[in-house]
Amino acid sequence: MTVTLGSSTAIFAANAASLESRVCFVGMIGRDPFGALVRTSLEARGVDTRYLVEGDVPTGASICMSYGEDRAVLTYQGAMDVMGLGDINPEVFEETKHIHLSSIFMQSGVLRDLEKILDLAAAKGITVSLDTQWDPVEKWSFDYNRLLPKITVFMPNEKELRCLTGKDDLESAIAEVRPYLGFAMMLKCGSKGSVLIMKDGSRTNLPAFLNKDVVDAIGAGDSCNAGFVSAFVKGLPLRECQRTGNLTGAVNTTAAGGTGAFASLEAVRKVCLNRFGQEINL
Ligand SMILES: Nc1ncnc2c1ncn2[C@@H]1O[C@H](COP(=O)(O)OP(=O)(O)OP(=O)(O)O)[C@@H](O)[C@H]1O
Ligand SMILES: [Mg+2]
């Protein structure tokens, strides 16, 4: 068993920082060893932790059992479930140009305040990306009619999109959310790659950069998000953001856990070139 930095948002933050985006992590930890691990691991990657809040609840933790490209995760939510808009320093909305949200069903405080957070971001001209991730209680209470128009890039995977919309058929699920998209949807399809869908319905399918030697797929989605968003905040064209996302998702599968393959941009560059014959334009 390895004790390491986890959670969708922390993996995203650590890997986006390794890709040399300037990242600040806004989240809640407890005053305990796991909280210290989160702080030091993020700082080791160059993530700004000044808006990390210490609450009176223990730090969330997961036991992650990995089986090839699938896995089972048992999570104690702890502090991550408590943080709401009231715990977020308002300076955040003055300083950032992009906010990435993830695992909203694991964070009931964030889910409760989501619309207010999105409105504050919009008022400041901040772009937003959101990955719902899986809902462990499978209620899928995400009012996409109201919320999606306020989200610049929506980043679910296929299964999550089908569950959110209650449509078994993927095309029907896409058709259901498409009119509400704020700008675009990066739909993640595992080893099949991704589909970029624009609000006007145009789309780009991009096959995965296939890795025949998958170590594990823990965090592939978050690493894909980190690549996509790092390219997006640099102002690269959306198709290049998609290619970068597919590439960093693939890179993720070459090492253990969610952050193993992302020691530095140089290390990622080498894996992209040697394993996938691709340049990464970050
Ligand atoms: N086995 C693989 N080989 C190459 N690329 C992969 C593989 N698995 C995933 N990827 C790439 O990573 C991207 C994101 O992975 P995936 O679709 O699994 O996201 P996800 O379901 O959100 O993942 P997670 O369960 O980590 O949240 C995919 O679109 C694909 O481009
Ligand atoms: Mg995911």
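Positions are given from 1, in the same order as the sequence printed here. Order of appearance sets the numbers: ligands from 1, and atoms from 1 within every ligand.
In summary, E91 and R50 do not engage in a salt bridge, as defined by a charged side-chain N under 4.0 Å from a carboxylate O. We find that E20 and K234 are not joined by a salt bridge, their nearest charged nitrogen and carboxylate oxygen being 4.0 Å or further apart. Using a 4.0 Å cut-off between charged side-chain N and carboxylate O, E171 and R203 make a salt bridge.
Remark: ligand 1 and G245 share no N or O pair separated by less than 3.5 Å (distance only, no angle test). Between L210 and ligand 1, no pair of N/O atoms sits closer than 3.5 Å. In terms of polar-atom proximity, D222 is not counted as a contact of ligand 1, lacking any N or O under 3.5 Å from an N or O of the ligand. At under 3.5 Å, a nitrogen or oxygen of N157, whether backbone or side chain, sits near a nitrogen or oxygen of ligand 1.
No path of Ile, Leu, Val, Met, Phe, Trp and Tyr side chains, each step under 4.5 Å between heavy atoms, connects L206 with L247, placing them in separate hydrophobic clusters. Hydrophobic cluster membership is shared by W134 and L130, with clusters built from Ile, Leu, Val, Met, Phe, Trp and Tyr side chains linked at under 4.5 angstrom.
When G258, P207, G190, A217 are ranked by how near their heavy atoms come to atom 8 (N) of ligand 1, first place goes to G190.
The atoms of ligand 1 that sit less than 4.0 Å from any heavy atom of G249 are 11 (C), 12 (O). Atoms of ligand 1 found under 4.0 Å from any heavy atom of V214, numbered from 1 in the order shown, are 1 (N). If you number the atoms of ligand 1 from 1 as listed, the ones under 4.0 Å from a heavy atom of G219 come out as 26 (O). Heavy-atom contacts of Q133 reach the following atoms of ligand 1: 27 (O) (cutoff under 4.0 Å).
The shortest side-chain heavy-atom distance between F209 and R275 does not fall under the 4.5 Å cut-off. Side-chain contact between T259 and N15: present, with at least one pair of heavy atoms (C-beta onward) separated by less than 4.5 Å.
Ligand 1 is approached by R71 to a heavy-atom distance shorter than 4.0 Å.
Side-chain contact annotation: T152 with T127, donor-acceptor N/O pair under 3.5 Å absent.
Classification of the F12-H100 ring pair by plane angle, with boundaries at 30° and 60°, yields parallel. Aromatic ring orientation, F154 versus F142: parallel (interplanar angle below 30°, classes split at 30° and 60°).
Within a radius of less than 2.8 Å around the Mg ion (ligand 2), the protein N, O or S atoms are Q133 OE1.
With a heavy-atom cut-off of 4.0 Å, S8 does not touch ligand 1 at all. Proximity of A250 to ligand 1, defined as any heavy-atom pair under 4.0 Å, is shared by backbone and side chain alike.
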**Report entry** side chain to side chain donor-acceptor pair (under 3.5 Å) evaluation trace for N225 with K188
**Finding:** CA-CA 9 Å; N225 296 345; K188 292 171 286 174; 3.0 Å; yes
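Looking only at distances, no side-chain donor or acceptor of T9 sits under 3.5 Å from a matching main-chain atom of S102.
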